[in-house]
Amino acid sequence: MSKNGPVSAFHRLRRRYGNTMIVALALVVMAVLVNVTPLKEQTWLRVLFGISALNFTLRATVPLVLGALSGILCERSGIINIGIEGMMLAGAFAGFVAKTSTNHWPLAASLIFSVVAAVAVGGLMGAVHALFSIRFRMDQIISGTVIIILALGTTSYLYNRDAIAEGKFSSIPIPGLAHIPVIGPVLFDNPPITYLALIMVVVVHLGLFYTRWGLRTRAVGEHPRAADTVGINVNRYRYINTSLGGMLAGLAGAFLVLEAVGQFQEGMTAGRGFISLAAMIFGNWNPVGALGAATLFGYTQALQNELLLAGVTQVPRQFISMLPYVVTIVAVSGLVGRVRPPAAEGKVYETEGSA
Amino acid sequence: MRRPVLATASPTTGIARTLRALLIPSLALLAALLAGAVVMILSGDDPMAAYGGLFKGAFGDGKGWARTIRKTIPFVLTGLSVALAFKVSLFNIGASGQFVMGSVFAVAVGINFEGLPVYVHLPLALIAGIAGGLLWGAIPGILKVYTGAHEVIVTIMLNYVASLLGGWTVYAGGTQGQTPGPLWDRTAGAISETPDVLHSAQIPWLFGPPYRVHYGVFLALAAAILVWWLIFKTPLGFEMRTVGHNMRAARYAGIRVNFTIILTMALAGGLAGLAGAIETLGLNHKFAPEFGGAVGFDGITVALLGQTHPIGVLLAAFMFGALDGGAATMQFESGVPADIIQIIQALVLAFVAAPLIIRLIFRLRPQSQEDAGSAVSTSWGGT
Amino acid sequence: MTEAQPAQARQPGAGAPKLEALGITKLFPGVVANKDIDLTLHEGEILALLGENGAGKSTLMNIIYGLYQPTEGQIRVDGSPVVMHSPRDAIDLGIGMVHQHFQLVPVMSVVDNIMLGSETVDRGLLDRQGVSARIQELSQRYNMAVDPNSIIEDLPVGVQQRVEILKALYRNAEILILDEPTSVLTPQEIEGLFEVMELLRSQGKSIIFITHKLKEVLRIADRIAVLRRGEMVGEADPAAASQENLAALMVGRKVTLEVEKEPASAGDVLLQLRDIDAYTDLGEPALRSVSLDVRAGEIVGVAGVQGNGQTELVEVVTGLRPAAGGSVLINSVDMTNASPRRITEEGAICHVPEDRHMYGMVDAYSVADNLVLSSYYKKPFSSGLTMNQQAIAQHAEELVARFDVRTPSVRASGASLSGGNQQKMVVAREFGRPIRLLVAAQPTRGIDVGSIEFIHSQIVAKRDEGIAVLLVSYELDEIMALSDRIAVMFHGRISAILPRGQATREKIGLLMAGVSVEDETNAL
């Protein structure tokens with residue numbers, strides 16, 4: 001329809017920023033309130049909003065937001081990526097193998113090398129996904145499934161149960177900022193990949209909306225033929241973005257092995273890749289929105305931890321553990337008309353002449 | 001641009017069509033086995049010994065055959081589950097959750113109602129299993145229709161929920177005095193599992209121990225025929241296929257698209273639920289948390305290898321049954337980890353989903369549009 | 001019929017050859033899209049390329065724009081041969097194209113769309129301000145007002161077209177290809193476009209104007225080239241040519257430009273719409289208090305620029321979109337928000353949909369299955385439990401013969417048919433059963449003249465049988481040719497309903513643009 005000034009302006013705003021940041025902001029406000037006022041004497045409030053809950057939240061958020069950014073990069077260029085789970089797992093495994101084989105190096109060098117390995121393998125998986133989807137015209141959802149199964153199988157096949165990674169990333173407090181009450185210990189006293197993840201949100205946001213690469217990426221994902229007719233190589237942008245997306249998923253894997261857990265476990269991603277996808281959708285394919293959504297999902301995981309730690313026995317622990325999954329289902333429901341995926345997502349692009 | 005008017009003139013007799021349909025899957029399997037051999041060589045294993053062990057394990061003797069057939073049954077049903085959904089352009093990644101729910105429901109009936117005759121109790125337990133899967137499949141269908149939630153994400157999340165829910169029903173209780181689950185076997189101590197299913201609810205053996213092949217094999221066969229008939233011979237199947245090909249045209253034609261989507265997801269869930277019921281009532285005779293989820297992504301691969309055709313699914317399930325049936329013997333005899341089977345299965349999926357790769361490897365002439373794999377890539381539930 | 005002059009012949013008054021296509025042949029699998037075509041465009045002229053749907057016009061232009069590579073032949077720009085591998089090369093050579101389906105990203109702003117592919121970057125970031133300023137300068141110079149910051153999908157199609165033209169000018173195009181640019185415009189907007197084209201010509205730009213509309217060609221072109229079935233069949237001088245001989249040249253036989261029909265004898269009201277409100281998928285108002293009657297034995301045409309609520313109107317009538325307010329009465333029975341099936345059955349309605357690929361057919365299904373798409377569940381096609389393939393095939397054979405659907409067999413897939421035959425298949429299915437009300441949306445979009453004539457005659461025949469016809473078309477000519485009464489839609493409202501006798505192109509054009517009739521009568 002043609003001009004409908006205020007209505008469409010409102011749609012655009014919601015389209016762009018989604019509702020997730022409101023949720024995330026409410027969480028932060030509650031946390032500050034609870035932790036700097038006498039409210040912290042209340043056990044329930046402490047369980048729900050204590051510093052420890054927030055720390056857990058951030059730790060759970062990092063892989064989710066990296067996964068969501070990975071999805072955003074791919075899907076903004078028109079490639080659906082349900083293989084994030086597999087890319088993450090492959091990255092985690094590569095990081096682990098790199099770490100165990102460089103245990104004798106100085107810790108920092110060994111860790112950085114392992115991160116690079118994880119990112120590289122994630123990128124490789126992304127490139128394979130792009131190759132399947134573009135060159136071999138495989139259905140993109142199936143290609144993503146192949147990536148997952150391939151990662152599950154390969155990591156199990158190659159996993160050496162005797163190998164042990166020695167050491168992991170430790171926190172680097174940011175001078176000055178780390179001493180701010182509540183915010184300091186939560187945001188400014190973290191290990192490096194956590195900082196990197198938050199920086200990546202800003203980088204991807206700026207990149208997508210303010211640079212040539214971003215403009216072209218979005219055009220390719222929305223209307224590839226329009227991009228083609230102004231001389232943009234559609235598939236090249238898709239290859240590049242899907243590989244970059246894979247690298248971010250690999251970084252999420254590196255976080256799990258090198259920063260959070262310290263070791264590799266089979267299937268250790270435990271659905272995080274899929275929850276990332278939900279965060280991407282819930283955040284309306286917008287990096288900032290995705291951060292909000294990832295924080296929400298991360299919080300449910302933290303809550304699960306806190307409740308178990310607080311010794312809640314009235315509710316069977318299985319039901320508490322369901323929390324993140326159920327919240328994810330609730331979040332992706334009720335989005336009709338509220339999110340708008342890139343229009344050309346999932347479709348092979350071919351110029352008419354080449355068919 | 002004008003389109004060719006007389007392009008499709010090739011004779012398509014039944015046999016020629018069947019042969020052509022078999023070509024890509026067979027070559028995909030072959031290519032995956034070759035690629036698997038390369039992986040083994042690269043990691044220092046002996047592929048000849050491995051495949052020798054695999055074959056011996058699957059078909060070497062009566063017990064091998066029995067193992068293969070036993071493994072084939074759940075593949076047939078989960079494969080049909082995924083294939084049926086594919087026909088309606090729905091991607092059911094939730095077979096493992098539906099399988100668990102089927103197991104739990106079937107076992108809940110199977111351990112209760114002592115004194116019922118077999119011909120009442122067993123069907124009742126099977127129906128309960130189907131109902132469990134039906135329910136678990138209907139949820140993503142309903143959410144997709146009424147809220148726009150994409151079934152891929154919902155079914156995956158429901159897999160985790162089902163696995164936790166199943167775990168809870170048989171939970172032995174914790175050291176801090178948590179309540180045990182409702183189906184837990186009180187005589188099992190700290191072990192989380194159900195009691196054995198009553199004899200009247202067990203599927204009888206076709207060949208008893210040591211072969212352990214039960215009559216469920218006929219249920220699987222019947223399910224395949226029923227699904228084939230449903231899809232290709234009934235008006236409901238026509239509606240399903242129309243929705244799958246072109247949802248807008250289906251609405252235009254007066255087909256109740258929402259109903260069809262929910263029904264299909266429910267039926268797909270029911271098939272996977274039946275798989276769970278048959279496994280518990282026929283083979284395990286009880287449910288424990290580790291019995292779920294083994295079917296994982298296999299149903300997807302089987303469905304695609306079978307070209308989403310019920311008869312193709314039967315053949316593909318048999319191939320996968322053989323791979324799984326022989327895996328243990330392979331590891332035992334050649335030392336190659338059984339996980340290689342998972343890699344081979346992923347490669348089969350890759351090759352069969354992208355026939356272009358196969359055509360490239362085997363230098364086949366490209367064929368028109370029928371090579372385009374199933375189209376399930378629909379975007380994520382916006383408007 | 002005038003015999004073809006050599007295509008390279010210089011026209012008096014025109015400049016040097018700007019663009020030459022020499023011996024262009026393009027083969028697609030199974031189709032010769034272009035065959036040995038010669039075409040010359042001179043500097044500062046408007047060359048009309050005339051041809052019916054499927055004649056190969058778009059293919060030729062896509063070759064000139066670097067989207068396709070010719071199988072044989074050569075392109076020359078300013079006298080020197082060029083090879084173009086992609087639109088990038090064409091853009092660099094000063095060729096710009098305004099596509100029939102706009103190549104604009106709907107969710108992006110005008111600035112972003114215009115600079116896409118030729119971005120100006122300042123310290124790594126996009127220089128939106130600088131580009132904006134240039135757009136404003138260009139839009140002043142060529143008299144095409146547009147706000148650089150608006151989002152494309154919020155703009156009316158006429159303005160979107162301006163953006164497309166500006167996009168080409170922004171890239172310093174000297175040669176402009178306009179592919180069917182008038183099909184989405186009102187008569188007055190078309191006049192505005194022609195003024196822009198004349199302004200561009202006066203500034204030395206060379207323009208290829210692709211169309212199948214004869215009137216427009218005679219109005220604006222300096223020279224006319226006619227394409228038929230992929231071949232250049234002749235060239236004409238607009239001063240000497242008439243619509244009749246151009247039509248004959250275009251189609252290859254004598255064509256009746258008018259649809260022959262008797263005056264309507266309208267009966268009872270069969271379709272009654274009262275104060276219908278409806279919304280688009282995005283929740284924006286699409287229909288505002290629409291009221292309309294269609295009587296048995298008359299054709300009511302709905303005119304209007306695409307996107308003014310026509311699609312939603314048809315969907316509400318056929319049950320595909322809920323009405324938020326108002327009522328739909330079919331044969332005096334309330335059918336408001338009834339299911340599509342109930343409307344089809346009880347309302348005895350048939351629906352030729354706007355987009356046959358999206359709604360009207362299943363590409364992968366056989367012709368036979370497509371022909372039972374809306375009756376598959378009835379006897380004899382279905383016994384309730386199983387389908388009767390024999391009855392379905394027999395039904396198909398009958399309809400294919402009756403409606404002249406050219407297909408190798410009823411088992412061939414719907415996708416393998418030509419556009420015209422696909423549309424005839426849809427028409428056969430819908431017309432082939434007993435009906436009282438016919439809803440036809442864009443019934444002849446994108447098909448050849450022969451099929452158009454056939455479908456038009458079928459629609460008129462239905463009217464003469466006493467069937468009520470609601471016709472929606474964006475082609476004003478089609479509305480004018482078929483309708484007994486004409487309703488004009490603008491912004492979701494019916495702004496006027498006129499008897500055919502009182503409707504002139506000018507009057508309808510103003511109504512399509514939202515000018516009310518009073519204003520118009522005052523202006524005259």
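Only this structure's heavy atoms are used, side chains among them; waters, hydrogens and symmetry mates stay out. Every chain is numbered from 1, with letters handed out A, B, ... down the list of sequences.
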Query raised in the report: Taking atom CD1 of A/I82 and atom NE2 of B/H150, what is their separation to the nearest 0.5 Å?
Result: 8.5 Å
Query raised in the report: Under a 4.5 Å cut-off applied to non-hydrogen side-chain atoms, are B/I153 and A/I329 in contact?
Result: no
Report task. Against chain B, label A/F136 side chain, backbone, both or neither, depending on which of its atoms sit under 4.5 Å from a heavy atom there. Result -> both
Query raised in the report: With only heavy atoms counted, which part of A/R135 is less than 4.5 Å from chain B, the side chain, the backbone, both or neither?
Result: both
Query raised in the report: Measuring heavy-atom distances to chain B, does A/I147 have an atom under 4.5 Å in its side chain, in its backbone, in both, or in neither?
Result: neither
Query raised in the report: Which region of A/Y159, side chain (C-beta onward) or backbone (N, CA, C, O), has a non-hydrogen atom less than 4.5 Å from a non-hydrogen atom of chain B, or is it both or neither?
Result: neither
**Report entry** Among A/V146, A/I149, A/T145, A/I142, the one residue meeting side-chain contact (heavy atoms from CB on, under 4.5 Å) with B/I300
**Finding:** A/T145
Query raised in the report: When rounded to the nearest 0.5 angstrom, what is the spacing between CG in B/L304 and CG in A/D139?
Result: 8.5 Å
Query - Flag side-chain contact, heavy atom, 4.5 Å: B/Q342 against A/Y157 - result: no
Query - Interchain contact, B/L349 with chain A, by part (heavy-atom threshold 4.5 Å) - result: both
Query raised in the report: From A/S333 OG over to B/I142 CD1, what is the distance, rounded to the nearest 0.5 angstrom?
Result: 11.0 Å
**Report entry** Region of B/I344 in contact with chain A, defined by heavy-atom distances below 4.5 Å
**Finding:** neither
Query raised in the report: Looking at A/A278, A/S321, A/G153, which makes the most heavy-atom pairs under 4.5 Å with chain B?
Result: A/G153
Report task. Look up atom CD in B/Q345 and atom CG in A/L152, then write down how far apart they are to the nearest 0.5 Å. Result -> 11.5 Å
Report task. Write out, in numerical order, the residues from residues 264-272 of chain A with a heavy atom short of 4.5 Å from a heavy atom in chain B. Result -> A/A270, A/G271
Report task. Against chain A, work out which of B/I341, B/I139, B/V154, B/I340 has the most heavy-atom pairs shorter than 4.5 Å and name it. Result -> B/I340
Requested in this report: Could you tell me which residues satisfy salt bridge (Lys or Arg N to Asp or Glu O under 4.0 Å) with B/E193, sequence neighbours excluded, listed by chain and number?
Outcome: B/K286
Report summary line: Counting heavy-atom pairs under 4.5 angstrom with chain A, the leader among B/L165, B/V336, B/L347 is B/L165
Query raised in the report: Roughly how far apart are B/I343 CD1 and A/L158 CG, rounded to 0.5 Å?
Result: 6.0 Å
Report task. Answer with side chain, backbone, both or neither: which region of B/L158 has an atom nearer than 4.5 Å to a non-hydrogen atom of chain A? Result -> both
**Report entry** Under 4.5 Å from a heavy atom of chain A, the part of B/I156 involved
**Finding:** side chain
Query raised in the report: What residues, two or more places apart in sequence or in another chain, satisfy side-chain contact (heavy atoms from CB on, under 4.5 Å) together with B/N258?
Result: B/V145
Report task. Applying side chain to side chain donor-acceptor pair (under 3.5 Å), name anything that partners B/T301, two or more places apart in sequence or on another chain. Result -> none
Requested in this report: Measure up the B/Y160 and A/Y325 rings against each other and bin them: parallel (under 30°), tilted (30 to 60°), perpendicular (over 60°).
Outcome: parallel
